[in-house]
Amino acid sequence: MTNKELADLIYPSLSHTPEEYEAMYPERDLPEGAMVTRLGPSPTGFIHLGNLYGAFVDERLAHQSGGTFFLRIEDTDDKRFVENAVETIITSLAFFDIKFDEGVTQTGDIGAYGDYTQSHRGEIYRTFAKKLLEQGMAYPCFLSEDEITAIREKQEAAKLSPGIYAGWSKYRDWDKDPEIASEIEERVRAGEPFVIRLKSTGVPNASAEDTERHEVVDAIRGNLSVPANFLDIVIIKQSGIPTYHFAHVVDDHLMRTTHVVRGEEWLPSLPIHVELFADLGWELPVYCHTAQLMKIGEDGNKRKLSKRKDPELSLDYYRSQGYHPAAVREYLLTILNSNYEEWRAENPDASSDDFAFTTAKMSSSGALFDLDKLNDVSKSTLLRIDAAELASWLKSWSDEFAPEYGYVFEDMDHLAAILDLGRHDARPRADLVYARQIMDYIGYFFDESFRREDEYPQEAADDAKAILAAYLDSYDHSDDNETWFGKIRQIAVDLGYAAKPKDFKKHPEEYKGHVGHVSTVIRIALMGRATSPDVWAIQQIMGESKVRERISACM
RNA sequence: GGCGCAUUGGUCAAGAGGUUAAGACGUCGCCCUCUCACGGCGGAAUCUGGGGUUCGAUUCCCCAAUGCGCUACCA
């Protein structure tokens, strides 16, 4: 039996040749320097910040260079498939404004390089696996799980690298042994299950000096020297579905990906991919191995976590807390490129798309997720969003995650006015962080959520009723800020309080307290809290009747 | 165990063979101020350790430690 005969025996009828596929998916016609990137999530139903982090790199690289960014679903693991996961992936990414030029969408594939779902591409993978079989670069392997376990134990005992490679699978050298050749033939004809393994040309268990190495340029990490692979890794599983390794190589070649952005956990398997690309006679894409994003514990202690199953790392967490997508984007960009913050400081109003993103500025060590920093970034990001827009965004958040705040959205103009409080001053207030925090922050504007949270300050507690009575008496809703505060000063002085805090500090014995204490009494009557933005401005938004009502209620 | 990647303040980090080792967040103090926020000023706080190379190393090399990852017919 020749290689060709074996290949035909295993894959007797395929509709296309490798050459035909090459012709069907030609080199893309793009301007010089344009990058083609892809996001390849597996539909496990869990998207985390790390995915987003990588997605931004892909998206920026492609769109900044006038290239193409596509979405490919990597569902080669039939055991891990989760219902509706693809939809979740698409909507989550869309929420964070990640836009694809081609690939899988909710209404079908877009683009000329599909199908973009790996489980639909079986025929293509088989075609190229057949090519490797024909060239003697791959072989069918019938080793059972138990046999493989036994091999591993033997290897461990002998202190050899574990795995299937030259010398360990008898099927590898079938062409040198007619008996094995006929066994293969019989078992294939009998329909017994088997996998296709790469017949690696690497030298197993070589000493460090003798190991052949390849130089690979990583756009983030610089020059990498990777040892040659020698493992006969599985390229097609028993199920007929390819492994990640094979699917990656075939797809990224055929889809003409120029830059492969993926997590650093793939670094150890790079040698496999290098060999596969070489065996198929294809050019290696530029790899960009990103550092893993980790998180800081909410208890303040730092702990590095693996990305896998920490719910705090889930995108949904930030969505349900109501972090604005632009804020998350802004934050991710600051940790993605070390000079982003500096650029932002110089270009406060520019679109983040105008920033020149480079892989060279990416860190190769993992960053801890910093909630404080996100909050800070969020404050300044929200400041740049128009109040009406913010209001409608909050409404959509509430509709999805917090319907109990429905009353807030009954009058959208009113809400916008509330949100805009102090935001256009010479030194704008920055106290809006995320939706849940905002709901609490503006809670006193609504009778549904108004509560007395703070007590009157000790200095003025005894005079509270007198202060409020005088205030109500003198209140004129049309007073301007200055006139209004002048009246409070007068009330303070009349009742024995200092008109200025400094006077009180200098001679505390002469006064009961100062004007600040007096206004705090008013603030608590109106807002239920000792801290708030400017009382006069709040009153203008609240309206006269509510102001009088709140004050009267405390008398 | 083997292999790989990483290691500058609490966090994100710039940096270069000779610097007072940037900046941001956080933190502390002060100022501004009717509270808070904003803003301003200032403080504390960093090159994981050990060997080399060098006149000089945080920077280059080696070793170690630590962290993370890979070691699947998962991605």
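Reminder, nothing fancy here: chain letters follow the sequence lines and each chain counts from 1. The analysis underlying the following values was restricted to heavy atoms, covering all of them including side chains, and did not include hydrogens, waters or symmetry mates.
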Any Tyr444(A) side-chain heavy atom under 4.5 Å of Glu453(A) side chain:
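No, every pair of side-chain atoms sits at 4.5 Å or beyond.
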Counting side-chain heavy atoms from C-beta on, which of [options] comes nearest to [X]?
{"X": "Arg427(A)", "options": "rG39(B), rG26(B), rU35(B)", "result": "rG39(B)"}
{"X": "Lys361(A)", "options": "rG15(B), rU35(B), rC12(B)", "result": "rG15(B)"}
{"X": "Glu341(A)", "options": "rG23(B), rA37(B), rC70(B)", "result": "rG23(B)"}
{"X": "Thr531(A)", "options": "rC36(B), rA75(B), rG39(B)", "result": "rC36(B)"}
{"X": "Leu267(A)", "options": "rU33(B), rG4(B), rA6(B)", "result": "rG4(B)"}
{"X": "Pro268(A)", "options": "rA75(B), rC73(B), rC70(B)", "result": "rC70(B)"}
{"X": "Glu265(A)", "options": "rU71(B), rA6(B), rA75(B)", "result": "rA75(B)"}
{"X": "Ala367(A)", "options": "rG39(B), rU35(B), rC12(B)", "result": "rC12(B)"}
{"X": "Asp77(A)", "options": "rC5(B), rC12(B), rA75(B)", "result": "rA75(B)"}
{"X": "Asp370(A)", "options": "rG23(B), rG10(B), rG69(B)", "result": "rG10(B)"}

What nucleic acid atoms does [X] come within less than 4.0 Å of, heavy atoms only: base, sugar-phosphate, or nothing?
{"X": "Val195(A)", "answer": "base"}
{"X": "Ser519(A)", "answer": "base"}
{"X": "Asp425(A)", "answer": "nothing"}
{"X": "Arg489(A)", "answer": "sugar-phosphate"}
{"X": "Ala530(A)", "answer": "base"}
{"X": "Arg423(A)", "answer": "nothing"}
{"X": "Ser532(A)", "answer": "base"}
{"X": "Ser363(A)", "answer": "sugar-phosphate"}
{"X": "Pro501(A)", "answer": "sugar-phosphate"}

Rounded to whole angstrom, note down the [atom1] distance from [N] over to [M].
{"N": "rG26(B)", "M": "rC41(B)", "atom1": "P", "answer": "16 Å"}
{"N": "rC61(B)", "M": "rC70(B)", "atom1": "C1'", "answer": "27 Å"}
{"N": "rG4(B)", "M": "rC38(B)", "atom1": "P", "answer": "48 Å"}
{"N": "rU20(B)", "M": "rU58(B)", "atom1": "C1'", "answer": "16 Å"}
{"N": "rU71(B)", "M": "rC47(B)", "atom1": "C1'", "answer": "33 Å"}
{"N": "rU59(B)", "M": "rU7(B)", "atom1": "C1'", "answer": "14 Å"}
{"N": "rA45(B)", "M": "rU53(B)", "atom1": "P", "answer": "33 Å"}

Assess whether atom CD of Glu342(A) is packed by more than 12 heavy atoms of other residues, nucleotides or ligands within 6.0 Å.
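Open: at most 12 neighbouring heavy atoms sit under 6.0 Å from CD of Glu342(A).
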Other residues, nucleotides, ligands: >12 heavy atoms within 6.0 Å of Glu145(A) CD:
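At most 12 heavy atoms, drawn from other residues, nucleotides or ligands, come within 6.0 Å of this atom.
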Pairing check on [N]: which nucleotide meets the Watson-Crick or G-U wobble criteria with it, both distances under 3.5 Å?
{"N": "rU54(B)", "result": "none"}
{"N": "rC32(B)", "result": "none"}
{"N": "rG69(B)", "result": "rC3(B)"}
{"N": "rC25(B)", "result": "rG10(B)"}
{"N": "rG49(B)", "result": "rC63(B)"}
{"N": "rA37(B)", "result": "none"}

A cation-pi test, strictly: NZ or CZ of Arg262(A) under 6.0 Å from the centre of the six-membered ring of Tyr287(A) and no more than 45 degrees from its axis. Yes or no?
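No, a cation-pi geometry is absent between Arg262(A) and Tyr287(A).
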Is Arg452(A) close enough and on-axis enough to Tyr456(A), meaning under 6.0 Å and within 45°, for cation-pi?
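Yes, cation above the ring, under 6.0 Å and within 45°.
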I'd like to know if the side chain of [X] reaches the main chain of [Y], judged simply by a donor and an acceptor atom lying under 3.5 Å from each other, with no hydrogens or angles considered.
{"X": "Arg121(A)", "Y": "Asp115(A)", "result": "yes"}
{"X": "Asn347(A)", "Y": "Arg344(A)", "result": "no"}
{"X": "Arg38(A)", "Y": "Asp58(A)", "result": "no"}

Pair Trp266(A)-Tyr244(A), ring-ring contact (aromatic ring centres under 6.0 Å, His included): steps then yes or no:
CA-CA 11 Å; Trp266(A) 289 107; Tyr244(A) 167 84; 3.9 Å; yes
Check: residues 485-497 of chain A side-chain donor-acceptor pairs under 3.5 Å, at least two apart:
unit_1: Lys487(A); atom_1: NZ; unit_2: Ser474(A); atom_2: O; d: 2.9
unit_1: Lys487(A); atom_1: NZ; unit_2: Asp479(A); atom_2: OD2; d: 2.6
unit_1: Arg489(A); atom_1: NE; unit_2: Ala499(A); atom_2: O; d: 2.8
unit_1: Tyr497(A); atom_1: OH; unit_2: Glu459(A); atom_2: O; d: 3.2
unit_1: Tyr497(A); atom_1: OH; unit_2: Asp463(A); atom_2: OD2; d: 2.6

So that I know where these two stand, are Phe194(A) and Phe142(A) an aromatic pair - ring centroids less than 6.0 Å apart?
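Yes - the distance between ring centres of Phe194(A) and Phe142(A) falls below the 6.0 Å cut-off.
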Quick check, are the ring centers of Phe369(A) and His48(A) under 6.0 angstrom apart?
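Between Phe369(A) and His48(A), the centre distance exceeds or equals 6.0 Å.
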Spacing of [X] atom [atom1] relative to [N] atom [atom2], expressed in whole Å:
{"X": "Leu368(A)", "N": "rU7(B)", "atom1": "CG", "atom2": "P", "value": "14 Å"}
{"X": "His289(A)", "N": "rC70(B)", "atom1": "NE2", "atom2": "P", "value": "13 Å"}
{"X": "His273(A)", "N": "rC70(B)", "atom1": "NE2", "atom2": "P", "value": "13 Å"}
{"X": "Trp266(A)", "N": "rC3(B)", "atom1": "CH2", "atom2": "C1'", "value": "17 Å"}
{"X": "Arg221(A)", "N": "rG69(B)", "atom1": "CZ", "atom2": "C1'", "value": "10 Å"}
{"X": "Trp484(A)", "N": "rU35(B)", "atom1": "CH2", "atom2": "C1'", "value": "11 Å"}
{"X": "Tyr456(A)", "N": "rU35(B)", "atom1": "OH", "atom2": "P", "value": "19 Å"}

Do Asp534(A) and rC34(B) share a donor-acceptor pair, side chain to base, under 3.5 Å?
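Such a pair exists between side chain and base.
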Is any side-chain N or O of Arg429(A) under 3.5 Å from a base N or O of rC36(B), one able to act as donor and the other as acceptor?
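For Arg429(A), whose side chain was compared with the base of rC36(B), there is a donor-acceptor pair (under 3.5 Å).
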For Ser364(A) and Leu143(A), find the nucleotide of RNA chain B closest to each by heavy atoms; which residue's nucleotide sits nearer the 5' end?
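So the residue in question is Ser364(A).
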Phe485(A) or Thr76(A), whichever maps to the more 5' nucleotide of RNA chain B
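Checking each residue's closest nucleotide, the 5'-ward one belongs to Phe485(A).
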Does Arg152(A) put a side-chain nitrogen or oxygen below 4.0 Å from OP1 or OP2 of rA72(B)?
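Checking rA72(B) against Arg152(A), a side-chain N or O does come within under 4.0 Å of OP1 or OP2.
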Within residues 222-245 of chain A, find the residues that approach RNA chain B with a heavy atom at under 4.0 Å, and present them sorted by residue number.
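RNA chain B contact set from residues 222-245 of chain A: Val234(A), Lys237(A), Gln238(A), Tyr244(A).
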